[in-house]
Amino acid sequence: MTALRRALLASAAAALLAGCATPGGTPIPPLKQDNCTAMQGTRIAPSAIGLPSGAATIDSATMVAASDLAVAERGATPAGMITPALPAHCKVLGRIAPVDPQAPAIHFQVNLPVQWNGRSVQYGGGGFNGVLITGTALVPAARYDQPVPLARGYVTYGTDSGHQNQPGQPPQTFALNDEALVNFAHASYKKVRDVAVAVMRQAYGRDPQKLYFVGSSEGGREGVMMAQRYPQDFDGILSRVPVLNWTGLQHAGLRDGLAITGDAWLSPAHVKLVHDAVLASCDGADGLTDSVVSNPVGCRERFNVELLRCSATTGPTCLNDAQIRAVKTLHAPLDLPAEIAHGVRQYPGRGPSGENTRSFGPTGGWQSWWTGTQAPAFPPVQANGIAWFYGAGAIQYFYARNPQADLRSYRIQDHLPRVREVSALMDATNPDLSAFQARGGKLILLENMADYAQSPYAGIAYFQSVQQRLGADNVRRFARLYTAPGVDHVGTGAPGNAELFPALVDWVEQGREPAGLQLVEQEGRPPFAVTRARPLCEWPTWPRYKGGDPNAAASFECTR
């Protein structure tokens with residue numbers, strides 16, 4: 001056993017003995033192998049599921065030996081390169097039958113630790129889902145050296161959201177089936193939650209005493225949707241960069257993609273040009289020149305893209321008129337021609353900051369999400385930005401319901417009833433969280449301010465709508481919104497990792513409000529040394545440098 005694994009397991013054991021013991025204080029007998037394997041082939045009746053559903057079937061239940069931490073050479077995201085150390089556990093795989101025989105089944109995985117602490121964590125998905133979420137990864141924004149919930153004694157689980165991606169088919173194809181769309185919107189997470197509780201009851205002879213949900217991006221939307229639609233189901237929810245205004249985002253993806261067709265497309269050299277100009281305008285405004293724009297809201301006033309306009313010949317050192325218009329379009333809100341769910345009429349603009357964050361898969365700035373390595377194609381191709389690939393497919397399969405719909409002539413007005421129908425299903429923008437608060441629920445939101453997968457200002461607008469509905473002082477009793485300046489969608493570009501999940505658990509179970517949290521940037525190899533840190537500031541404050549070690553959180557203060 002490696003020294004690092006011993007340290008991680010010791011940390012997990014200490015957490016179990018200190019703050020993470022069984023909530024009721026009653027010891028739970030260890031899960032035996034026979035109890036695990038006996039579940040294989042069992043059926044969970046539809047009556048155990050709180051929505052109309054077919055039965056759930058456990059296809060396999062096998063004991064898995066403890067495993068060591070491993071770090072891959074490459075991965076889609078920095079956190080995705082890390083396979084955490086896991087304890088011995090029972091791995092349960094199963095499926096929930098649909099009501100509509102033409103709809104796909106919902107697949108799920110539940111991980112049952114030998115020594116259970118009486119709690120559970122549901123993991124959200126990402127993108128358009130269609131891939132089984134195992135519940136064994138790092139939680140969103142977690143420090144790399146933090147034991148995962150399964151290693152701390154939590155039951156963990158996840159789902160594919162009720163459809164499976166097929167080779168050669170766009171990931172949005174499933175939306176042509178009504179039940180599959182409802183499952184993706186919200187129903188699958190509720191159904192899997194109920195099935196997981198039934199599995200825990202069967203394995204341990206009792207229900208979980210505390211239930212948590214963690215998710216990022218699409219998974220962040222799922223978590224907030226649970227607080228809105230099923231407020232009695234979870235005690236604590238951690239939501240990072242959630243795509244709450246989902247309908248607005250997809251239509252913004254269409255608008256912003258169309259804005260860079262033809263001569264308006266920005267090459268990597270143009271992206272760097274804009275990025276450098278943003279830093280020149282805004283980097284030092286926080287008292288420190290460190291390639292991080294700590295106050296992106298203030299930067300919106302300082303940065304003037306017009307100063308990059310070509311005066312004569314065009315080239316990589318200036319922007320033509322079409323490119324100037326494209327950047328202004330990205331930064332501007334999308335005004336919708338009619339109200340969608342919960343009175344929403346707008347999707348906020350994106351940027352500035354983080355334009356040239358290194359691009360690799362879903363990691364990065366403009367090239368990953370907006371510009372790609374070639375101008376938007378019809379139909380989209382892999383070389384396009386992810387937002388175009390996602391938004392164009394959503395328009396065709398969710399709203400127009402026509403895979404051949406002409407993206408250049410699509411108008412919301414022509415599809416308004418369908419747009420509103422999908423918005424009512426998908427958009428997690430209901431500001432009334434009073435039922436979630438009343439049951440004692442706690443919610444932590446984290447927005448990364450250099451995010452081009454979605455606008456962080458959409459999450460901010462939602463939080464403000466909750467404050468307007470319930471009162472800011474009241475909201476502070478059960479919800480927090482934090483921001484991470486300079487950080488992209490998946491946590492790179494600046495310090496973006498924090499001990500948010502432990503803070504959520506302490507808030508739920510000990511009544512300790514989150515305080516003194518830090519954002520850290522870490523090396524991607526053990527022992528995951530911290531290279532720089534910042535205070536994690538509550539919106540609307542941001543970290544200003546006050547002097548001292550520029551890599552230490554204590555050298556900054558949260559300010560307005």
Side-chain angles (χ1 to χ4, degrees), residues 9 12-13 15-51 53-66 86-97 106-123 133-136 147-159 189-214 226 230 232-236 439-441 505 508-509:
L9 291 180
L16 282 168
L17 291 173
C20 291
T22 306
T26 305
I28 300 174
L31 179 67
K32 297 180 179 178
Q33 180 168 336
D34 289 348
N35 291 346
C36 169
T37 55
M39 290 189 289
Q40 182 164 317
T42 59
R43 181 177 177 272
I44 296 169
S47 59
I49 302 171
L51 292 172
S53 178
T57 302
I58 295 178
D59 295 318
S60 66
T62 55
M63 288 299 294
V64 178
L86 298 177
H89 63 280
C90 177
K91 177 181 175 181
V92 176
L93 295 173
R95 56 199 152 82
I96 304 172
I106 301 168
H107 290 84
F108 61 84
Q109 177 170 329
V110 182
N111 307 295
L112 305 165
V114 170
Q115 190 62 61
W116 187 32
N117 67 9
R119 304 168 175 85
S120 71
V121 179
Q122 181 167 358
Y123 281 62
I133 300 301
T134 66
T136 59
V148 294
L150 183 57
R152 293 178 181 266
Y154 292 77
V155 167
T156 65
Y157 54 101
T159 176
Y189 321 110
K190 162 63 174 172
K191 292 179 182 180
V192 168
R193 179 264 185 204
D194 292 351
V195 167
V197 169
V199 169
M200 288 179 249
R201 189 181 303 128
Q202 185 173 347
Y204 301 108
R206 66 186 71 190
D207 289 353
Q209 293 171 282
K210 296 294 179 183
L211 298 100
Y212 297 92
F213 193 108
V214 298
M226 295 300 99
Y230 309 107
Q232 303 305 317
D233 281 3
F234 292 96
D235 298 282
R439 67 96 68 218
V505 173
V508 168
E509 300 183 16

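- Taking the six-membered ring where the residue is Trp, F213 and F234 present perpendicular rings, their angle passing 60° and hence far from 30°.
- Heavy-atom minimum distance, P30 versus Q115: CG-OE1, 3.7 Å.
- Looking at Q33, its side chain never comes within 3.5 Å of a backbone N or O of C90 through a donor-acceptor pair.
- Checked against V195 for a side-chain contact (heavy atoms from CB on, under 4.5 Å), the options T57, I44, I106 give a single hit: I44.
- Looking only at distances, no side-chain donor or acceptor of D235 sits under 3.5 Å from a matching main-chain atom of Y212.
- Under the 3.5 Å distance criterion, the side-chain polar atoms of D233 are left unmatched by any main-chain donor or acceptor of M226.
- The minimum heavy-atom distance between A203 and L112, with the atom names listed, is CB-CD1, 3.7 Å.
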Check against side chain to side chain contact (heavy atoms under 4.5 Å, CB included), R119 and E509: CA-CA 11 Å; R119 304 168 175 85; E509 300 183 16; 2.5 Å; yes
W116 vs L31, side chain to side chain contact (heavy atoms under 4.5 Å, CB included): CA-CA, chis, key distance, verdict: CA-CA 8 Å; W116 187 32; L31 179 67; over 6 Å; no
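- One distance of note links CG of N117 with NZ of K210; it measures 12.5 Å at 0.5 Å rounding.
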Candidate pair D59 and R95, rule side chain to side chain contact (heavy atoms under 4.5 Å, CB included), full reasoning: CA-CA 7 Å; D59 295 318; R95 56 199 152 82; 3.0 Å; yes
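- Scanning all heavy atoms of the two residues, the minimum distance from D194 to G50 falls at OD2-N, 2.8 Å.
- None of V192, I96, V197 except one satisfies the side-chain contact (heavy atoms from CB on, under 4.5 Å) rule with I49; the exception is I96.
- Across all their heavy atoms, R152 and P147 have their closest contact at NE-O, 3.2 Å.
- Between P46 and A55, the shortest heavy-atom distance links the atoms CG-N, 3.7 Å.
- To the nearest 0.5 Å, atom CD of residue Q122 and atom OG1 of residue T159 are 8.0 Å apart.
- When each of K32, H89, M63 is checked for a side-chain contact (heavy atoms from CB on, under 4.5 Å) with V114, only M63 meets the rule.
- By the 4.5 Å heavy-atom criterion applied to side chains, V199 and Y157 are not counted as neighbours.
- The CD atom of Q40 lies 9.5 Å from the CG atom of L93; values are rounded to the nearest 0.5 Å.
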Side chain to side chain contact (heavy atoms under 4.5 Å, CB included) evaluation trace for R193 with Y230: CA-CA 11 Å; R193 179 264 185 204; Y230 309 107; over 6 Å; no
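- Taking T134 as the reference, Q109, T136 meet the side-chain contact (heavy atoms from CB on, under 4.5 Å) condition, with sequence neighbours excluded.
- Summarising the geometry of S120 relative to M200, their closest heavy-atom pair is CB-CE, 3.6 Å, with the distance given to 0.1 Å.
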